[in-house]
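The block underneath contains the structure these notes are about, expressed in structure tokens.
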There are 2 protein chains.
Amino acid sequence: MQDSHTSESTQKTIEETIVSGILSAKIRPGTRLSENQLAALFSVSRTRVREAMMRLETRGIVHVSPRRGWFVVEPSGEEAIAVYEARRVIEAGLLRSMRVLTDEGREALGAHLNEEKSAMAAGDRQRLTYLMGDFHIRIAELSGNAIIVDILRDLTARTILISMLYQSEFHAAQSHDGHCRIFEAMQAGDFVRAAELSIEHLDEVETGLDLTTRPDPLSELRSSLSLPPKTVSSAPTVRPQKPQIQRSN
Amino acid sequence: MQDSHTSESTQKTIEETIVSGILSAKIRPGTRLSENQLAALFSVSRTRVREAMMRLETRGIVHVSPRRGWFVVEPSGEEAIAVYEARRVIEAGLLRSMRVLTDEGREALGAHLNEEKSAMAAGDRQRLTYLMGDFHIRIAELSGNAIIVDILRDLTARTILISMLYQSEFHAAQSHDGHCRIFEAMQAGDFVRAAELSIEHLDEVETGLDLTTRPDPLSELRSSLSLPPKTVSSAPTVRPQKPQIQRSN
DNA sequence: CTTTCCTGTCTTGTATGCAAGATAGCCACA
DNA sequence: TGTGGCTATCTTGCATACAAGACAGGAAAG
């Protein structure tokens with residue numbers, strides 16, 4: 001487990017627990033995160049929970065609806081596109097900047113791909129989701145640049161939320177193939193090719209999304225009434241929260 | 001002024017004030033940011049100041065030394081290298097992903113370069129520092145991708161802190177030339193060339209730094225005593241804070 | 001003169017209390 | 001049946017109080 005910003009024992013725990021919950025697809029987009037519940041769960045006061053939420057908010061993972069609550073973000077279609085675009089830019093830029101694949105690197109990625117394969121064989125979908133995202137983080141770790149690792153980790157978390165919202169079926173085999181091809185290019189020392197493959201791979205995944213569905217159930221009604229399409233990054237605006245199961249303390 | 005995450009009136013003010021203070025080189029690295037002082041300055045309680053600090057910390061702008069205080073980060077030599085590397089990766093990736101330069105884009109960049117020129121003529125160094133950083137943010141804005149804009153804004157802020165620490169002289173003319181060349185390539189529609197120029201430009205700036213000096217005045221002593229080189233991203237460790245002028249409430 | 005220790009005062013860390021918006025459920029009423 | 005409005009209770013927003021570590025300065029001892 002890389003660190004990049006270790007230290008602070010209890011504090012980061014809430015934050016990291018939530019992020020890793022998302023990375024392993026155990027927390028769905030739109031999930032309500034009650035300050036009181038989290039405080040009770042982690043045996044701390046709301047103060048510290050709030051700090052964690054603030055941090056997660058600046059990381060684009062969580063969102064607050066004033067006096068209504070904190071929610072795991074539900075990226076809109078436009079935001080989803082922006083996330084994939086950002087990933088293409090950064091991941092391709094990263095691969096292009098690489099010059100060598102070290103022995104450790106080759107071993108790490110190879111081991112990872114084997115894990116993907118065995119998770120596919122076992123049909124363990126949650127684990128698979130985690131591994132599919134983690135592959136890209138692993139590549140970033142090869143660069144040794146903690147800044148890029150952190151950025152990509154957060155983007156990967158958002159990607160997973162996006163696929164939980166918009167992905168109709170899970171083309172695990174296709175993704176795995178994409179990863180393998182990238183790895184092969186890297187082994188061949190052809191990082192330009194690896195960058196291109198990485199872009200294609202992300203395009204494939206993005207194409208597999210159906211961005212016309214879910215997150216704004218009123219979109220059809222809204223457009224038939226010809227109201228403004230939707231507030232993109234601006235905040236309040238009612239945004240009808242889909243009924244959550246959780247029921248507060 | 002782009003927005004990307006507008007809304008929240010008072011709250012973001014503290015955060016944005018500090019960031020823009022850094023972007024315009026009015027706040028030096030290592031500056032102490034007392035919760036009490038900021039609270040008084042903005043007429044709010046420490047609670048809200050703390051929230052702003054937490055956010056800035058996750059953005060890599062600010063750093064807390066437990067029970068000692070908040071400080072604007074003083075990037076180490078390694079961190080400085082990582083910041084430049086991350087910028088090369090992202091900015092080159094971004095330019096490579098571009099396909100067209102719109103008329104508005106050409107106009108915006110052209111106007112910006114004129115501003116650079118006039119600031120150089122006027123010898124307004126603070127303004128020049130701001131503009132030199134802002135050029136890169138402007139390019140990101142052309143992409144219309146708010147995620148990348150935010151990332152690059154924060155990296156630019158760090159870059160400015162780095163140059164305040166390590167830059168012996170300010171080669172404004174050289175930087176300006178670099179910007180002009182990038183702009184020309186973009187106008188010619190040659191974004192691959194623009195990406196290459198962007199990398200060269202960042203290399204130039206990075207080369208102009210003297211990473212052997214400042215931020216850890218004890219480094220020579222430390223190495224002559226053969227102590228561990230320095231805690232990189234881990235926290236406490238005494239790290240003798242250089243005497244600050246400010247004196248608290 | 002140097003060293004050690006002690007104490008006052010600064011800082012942040014954390015919990016708690018109160019204010020106020022948002023919502024759901026109910027009741028009255030048409 | 002449907003509609004409007006009231007109220008009880010949830011939520012977060014924000015300020016404040018207190019705890020506890022860090023540090024500086026001075027006094028006392030060597």
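Keep in mind that this is a model prediction, so the values were computed, not measured. Chain A is the first sequence line, chain B the second, and so forth, proteins listed ahead of strands; every chain is numbered from 1.
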Tell me if the centroids of the rings in H136(A) and H112(A) come within less than 6.0 Å of each other. no
Side-chain N or O of R48(B) closer than 4.0 Å to phosphate OP1/OP2 of dC14(D): yes
If you check every side-chain atom of S45(A), which of dA15(D), dT12(C), dT14(C) has the closest atom? dT14(C)
How many whole angstroms separate atom CD of E57(B) from atom C1' of dT12(C)? 12 Å
When the distance from CD of E35(A) to C1' of dG17(C) is rounded to whole Å, what number comes out? 15 Å
Atom CH2 of W70(A) and atom C1' of dA22(C): how far apart are they, to the nearest Å? 16 Å
Taking the side chain of S34(A) as heavy atoms from C-beta outward, which of dT12(D), dT12(C), dT14(C) is closest to it? dT12(D)
Whole angstroms only, please: what is the CZ-P distance between F42(B) and dC14(D)? 15 Å
Atom pair distance, as rounded to whole Å: CZ in R68(A) and P in dA20(C): 21 Å
Would you call the rings of F71(B) and H63(B) parallel, tilted or perpendicular if under 30° counts as parallel and over 60° as perpendicular? tilted
N36(A) side chain near dT11(D) phosphate (N/O to OP1/OP2, under 4.0 Å): yes
Ignoring the backbone of R67(A), work out which of dA22(C), dA20(D), dC18(C) is nearest its side chain. dA22(C)
Between atom CD in E51(B) and atom P in dA15(D), what is the gap in whole Å? 9 Å
Between the side chains of R59(A) and T58(B), does any donor sit under 3.5 Å from an acceptor? no
Between CZ of R46(B) and CD of E35(B), what distance do you get to the nearest 0.5 Å? 4.5 Å
Could you tell me whether the phosphate oxygens of dC14(D), OP1 or OP2, come under 4.0 Å of any side-chain nitrogen or oxygen in T47(B)? no
So does R46(B) get a side-chain nitrogen or oxygen closer than 4.0 Å to the phosphate oxygens (OP1/OP2) of dT16(D)? no
